[in-house]
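Shown next, in structure tokens, is the structure this report addresses.
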Amino acid sequence: NAGVMQNPRHLVRRRGQEARLRCSPMKGHSHVYWYRQLPEEGLKFMVYLQKENIIDESGMPKERFSAEFPKEGPSILRIQQVVRGDSAAYFCASSPLQGGSGANVLTFGAGSRLTVL
Amino acid sequence: AQKITQTQPGMFVQEKEAVTLDCTYDTSDPSYGLFWYKQPSSGEMIFLIYQGSYDQQNATEGRYSLNFQKARKSANLVISASQLGDSAMYFCAMREGKTQGGSEKLVFGKGMKLTVNP
């Protein structure tokens with residue numbers, strides 16, 4: 001019973017390159033979230049997706065960041081033209097239910113650590 | 001103002017002793033949820049315990065319990081009988097009321113590091 005799978009675990013990019021982070025939710029989970037953790041900080045919400053739909057992107061930077069969760073395949077967080085400030089751990093989480101109330105618990109992946117040189 | 005405050009930068013505890021990790025929160029919404037997550041050195045986020053704002057009883061999960069003091073807006077995590085494997089970062093998080101599209105939009109504190117000594 002695999003949990004939330006994220007890859008790559010570590011990614012190094014030079015400034016200006018693109019970073020693609022992938023997330024496969026737990027089996028049976030159709031709700032996917034991306035969070036970002038800067039060094040010495042807690043996690044910050046970025047985006048919430050269901051299959052083929054972005055539901056809440058209120059935490060996404062306005063430029064260079066995009067996310068998708070296609071009908072088939074993993075969810076992708078894409079960062080174009082990376083800058084040093086993008087260096088962080090990016091966590092994906094999934095849940096079986098729509099959240100917003102009650103003890104709907106997110107299951108997190110192990111994170112993808114992006115380093116921008 | 002910070003929504004979630006964890007003021008303890010780090011704590012040390014002896015194995016088998018109990019330890020309390022502090023968390024205060026700030027919200028004007030009457031409906032909210034409070035979560036604690038553990039992040040060991042390997043990096044993953046592990047859910048520990050949940051408390052709803054309308055729950056009458058303090059939440060408990062095995063060796064974890066939540067000391068929920070609503071009037072003081074605090075949700076301290078108590079770990080009984082500490083084990084070496086409890087050494088990790090601990091994060092308190094809150095979900096406020098109804099969210100856009102049913103989103104699990106959690107607000108996390110900065111965390112605190114617990115070290116359990118043998």
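Computed from heavy atoms alone, side chains included, the values below leave out hydrogens, waters and symmetry copies. Naming: A, B, ... by sequence-line order, numbering from 1 per chain.
The candidate from M45(B), M89(B), E44(B) with the greatest count of non-hydrogen atom pairs under 4.5 Å with chain A is M45(B).
For R63(B), the CZ atom sits in a packed shell: over 12 heavy atoms of surrounding residues, nucleotides or ligands are nearer than 6.0 Å. Residue-environment remark: NZ (K113(B)) stays at or below the threshold of 12 foreign heavy atoms within 6.0 Å. With a 6.0 Å radius and a threshold of 12 heavy atoms from other residues, nucleotides or ligands, K16(B) has its NZ atom at or below the threshold. Crowding of E40(A) atom CD: a count of heavy atoms from other residues, nucleotides or ligands under 6.0 Å not exceeding 12.
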Enumerate, atom names and distances included, each donor-acceptor pair closer than 3.5 Å involving a side-chain atom of residues 62-70 of chain A, sequence neighbours excluded.
unit_1 : atom_1 : unit_2 : atom_2 : d
R64(A) : NH1    : Q80(A) : O      : 3.2
R64(A) : NH1    : Q81(A) : O      : 3.2
R64(A) : NH1    : D86(A) : OD2    : 2.7
R64(A) : NH2    : D86(A) : OD1    : 3.1
R64(A) : NH2    : D86(A) : OD2    : 3.3

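Not a single ring-ring contact (aromatic ring centres under 6.0 Å, His included) links F91(B) to another residue, sequence neighbours left out. Applying the ring-ring contact (aromatic ring centres under 6.0 Å, His included) rule to F68(B) yields no partners; only residues at least two apart in sequence or on another chain are considered.
The line from CG of L43(A) to OH of Y37(B) is 9.5 Å long, rounded to the nearest 0.5 Å. Rounding to the nearest 0.5 angstrom, the gap separating the CG atom in L38(A) from the NZ atom in K110(B) is 10.5 Å.
Below 4.5 Å, heavy atoms of chain B meet heavy atoms from F108(A), G109(A), A110(A), R113(A), all part of residues 108-117 of chain A.
With a 4.5 angstrom heavy-atom cutoff, Y54(B) does not touch chain A via any of its atoms. With a 4.5 angstrom heavy-atom cutoff, Q51(B) does not touch chain A via any of its atoms. Residue contact with chain B, scored on non-hydrogen atoms closer than 4.5 Å, involves the side chain of Q37(A) exclusively.
A continuous path of hydrophobic side-chain contacts links M11(B) to V13(B) [ILVMFWY only; heavy atoms under 4.5 Å]. With hydrophobic clusters built from ILVMFWY side chains whose heavy atoms lie under 4.5 angstrom apart, Y64(B) shares a cluster with M112(B). F91(A) and M46(A) fall into different hydrophobic clusters, where Ile, Leu, Val, Met, Phe, Trp and Tyr side chains are chained together by heavy-atom contacts under 4.5 Å.
Side-chain contact check for Y35(A) versus L106(B): some heavy-atom pair is nearer than 4.5 Å.
Between R9(A) and S42(B), the shortest heavy-atom contact is NH2-O, 3.5 Å.
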